[in-house]
Amino acid sequence: MPPPLPITPETPPPSPPRPRHRALAGWIAAGVLALLLIGVAGQWAARREANFQADSIRRAMEVHVLGLRDAAGKYSYLPFTASLHPDVLAALAHPQDAAVKQRANRYIEEVNRQAGSDALYLIDLQGLTLAASNWATPQSFVGESYANRPYFRDARAGRNGLFYGVGQTTGEPGLFISAPVRPDGGAVLGVVTVKVSLRQLQEAWTFSRDPILLTDARGIVFLSSVPPWMYKATRALGAAELDGMQRDQQYGARTSFAALPWKVERGEGEPGYLVRTDIGGQPRRFLAVDEPLPDLGWTLTVMADHAEVTRARERTWMLGLLCAGVLLLGGLYWQLRERRFAEQRDARRDLELRVRERTHELDEAHAFRKAMEDSLLVGMRARDLEGRIIYVNPAFCEMTGYDADELLGKLPPYPYWHPDDVAQHWRQYDAMMSGQPARSGFESRLRHRDGHDVITMVYTAALIDADGQHSGWMSSVVDITEQKRAELRQRQNDEQLQHAQRLASLGEMASTLAHELNQPLMALSNFASAAKAFAEQGNQQLLVSSLDETMAQAQRSAEIVRRIRGFVRQRTVGTEDCAVAALVANALALLQGEMRMRQARAEVRIPAGLPEVRGDRVLLEQVLLNLLSNSLQAMQATPPEQRLVEVEAEVLAGRMHIRVADRGPGIDAALAEQVFAPFFTTKTGGLGLGLNICRTIVEAHRGRLSFANRDGGGTVFTLELEISPP
């Protein structure tokens, strides 16, 4: 130890020692304050972890709610669609006719197979099943009575029904969706019900680490990832509720529902509530959050292990105590150091002042650079030429969960390397050390200290020192974990949307074929009836003519099926040069009988010499036939002498414009936007597909179909098509 400096006028005398009891009081106060801060920090960490768990639960809940709504909603259309089929209506009208019921059975079986639902069945107004998709199985619903089921009572009252319960016949639980059979909006004739199983959803829940459960409006658990909780109640049930469930046989023969083995603790201002229970003989605590589903009458509950909250508090306390101990040791060391170098401090004061003045600008620059690096959200990591970590910023430490002191000086394998990707990490490391890092960056999966995976994008460049020498490598590490999760969710949503679109395409194809074949089939029936009459009269010439027309309409039906099938499969439409006058003449020829019946006439104004249009002849005739038929039906209330359909054509701006005008009441402006919408119709018994199909066919020909109200009453539909090239 150097000798004490002599006291000079420039050196102030040493200060007298402070009383020992004052120093002791200061240390006690500092200790109490430190313990208080550690306690507060522990509570803050616990609250922060609880909020994080609640946020995670809500994000997971959004996915589960989407799956529930998809399972309940994607088959809701099926009962209504099936109720419109003639075989279903015939079965209700003739319940004693075995042949009619068998046709209904086969139709319902095919619809159920195409849709992928568990069961589809038809019930009469007394609750007796007339036809079912499982008619040929040992557990057939045919002949069974479901009059006690709520979904039957709702549909019989004219409402759509939704009910989850155990099947009376099969004993298998499922979601029952019902719709009344009400042709033309009249009285209810029966009920069509589809049964949808939620078994796949429950099986998916079994892989969840934490419990998930679904309760009905009475608080009874009917889906759960914890099997012992099934058919337990969250509250006490009244006698009326038990009688209602026994009458409905909602959960089979069960007459009592034990309470869930829970102890619930609710705190004011907490993101959820605490549940204490036993799972597999082990006491557990969970943070639970409820999500009501009012449109389904259910409540979804998702839980997360509350032990993470306790561990977060304990880790904070341990870290706080460690920091307090470090500070205490530092304080003691500082005190001893102060005592040892008290004499030297005054002598160095002037020297330190001069050094401080000279290094002030350097300190400011260093502080600015460090503040900038610490504020970065991108992780920064520097390694020397041997691969040893020489620098990490706070963002990288937060990304990996390791402190800078734990990483500095480390050689590979680094502690944050993912154990499943060690070989890939070594390849990326060897590429960097060989001077060939990926300039466009590469994706790397890291393992956080707490065990969760972090997906990153790493960009590496050479590190050049002040002398221009290559001294190592600097890497920028970007956390893209949330981006990857968002991409995964988007892919899942796209797959669900594509599945729904495929189902919709099947329904649209069936409706399109039924609508397009209606006109040729009606013509076949009319020509066949005429041929029979001519045969009885012995009129050989008219008989041959009627049979020729019958064969032509049969060939036309086959042609429509072929063309519509090709159109639905999105193949190129078979095109040819078509004369506009011939298209109109063929369509009017098919409507001669209807025009005579409706006492209407047609006026065609098509100039000679018009160019031909390019398109599919059969489909274009179907469009004109539909527009002319709609015009005739629109003039039903018009006086007979004014029932005139006007057809004219002209070339405007290099495209063919064909107009079909009637003298009906016109189209209400409030309905103008819905005219081309699928399933929209103002006709009694109509499907609302004609104009939608027409527009689809015209747009496939790169044309346009529009309408407008004409002066003096009526509607004008304009068909715009391409002209055949010369």
Neighbour count >12 (heavy atoms, 6.0 Å) for atom CD, E487: yes
For the student: nearest non-hydrogen atoms of R704 and V698, plus distance: N-CG1, 3.2 Å
For S197, all residues meeting side-chain hydrogen bond (donor to acceptor under 3.5 Å, both in side chains), sequence neighbours excluded: R199
Side chain proximity check, L128 to I123, heavy atoms < 4.5 angstrom: no
Greater than 12 external heavy atoms within 6.0 Å of E641's CD: yes
Parallel, tilted or perpendicular: ring planes of F163 versus F176, cut at 30 and 60 degrees: tilted
Pair R710 + E646, salt bridge at N-O below 4.0 Å: yes
F534 atom CZ, neighbour heavy-atom count above 12 within 6.0 Å: yes
Derivation and outcome, salt bridge (charged side-chain N to carboxylate O under 4.0 Å, His left out), residues R617 and E621: CA-CA 6 Å; R617 177 183 56 80; E621 287 181 4; 3.6 Å; yes
is_close_aromatic(Y146, F152), centroid dist under 6.0 Å: no
Any side-chain donor near an acceptor of the partner, K195 and T170, under 3.5 Å: yes
Under 3.5 Å donor-acceptor, D662 side chain and V645 backbone: no
Cationic N near anionic O, under 4.0 Å, R598 to E594: yes
E603 and R605 ion-paired at < 4.0 Å: yes
Under 3.5 Å side-chain donor-acceptor pair for N134 and E109: no
Main-chain N/O of Y77 paired to T81 side chain as donor or acceptor, under 3.5 Å: yes
Neighbour count >12 (heavy atoms, 6.0 Å) for atom CZ, R59: yes
Y164 and F222 aromatic ring geometry - parallel, tilted or perpendicular at 30°/60° bounds: tilted
Taking every non-hydrogen atom, the tightest pair across P79 and A179: CB-CB, 3.6 Å
Exercise: identify the closest heavy-atom pair between I108 and A131: CD1-CB, 3.9 Å
salt_bridge(R614, D577) N-O dist < 4.0 Å: yes
Residue list, side chain to side chain contact (heavy atoms under 4.5 Å, CB included) with E699, at least two apart or on another chain: R695
More than 12 heavy atoms of other groups within 6.0 Å of Q200 CD: no
Heavy-atom side-chain contact between H701 and D616 under 4.5 Å: yes
Salt bridge (charged side-chain N to carboxylate O under 4.0 Å, His left out) between D154 and R149, worked out: CA-CA 9 Å; D154 290 342; R149 291 294 201 173; over 6 Å; no
Listed once per pair and sorted, the side-chain hydrogen bond (donor to acceptor under 3.5 Å, both in side chains) pairs that draw on residues 90-99, sequence neighbours left out: none
Side chain to side chain, I606 and V584, heavy atoms closer than 4.5 Å: yes
More than 12 heavy atoms from other groups under 6.0 Å of CZ on R655: yes
is_close_aromatic(W135, F141), centroid dist under 6.0 Å: no
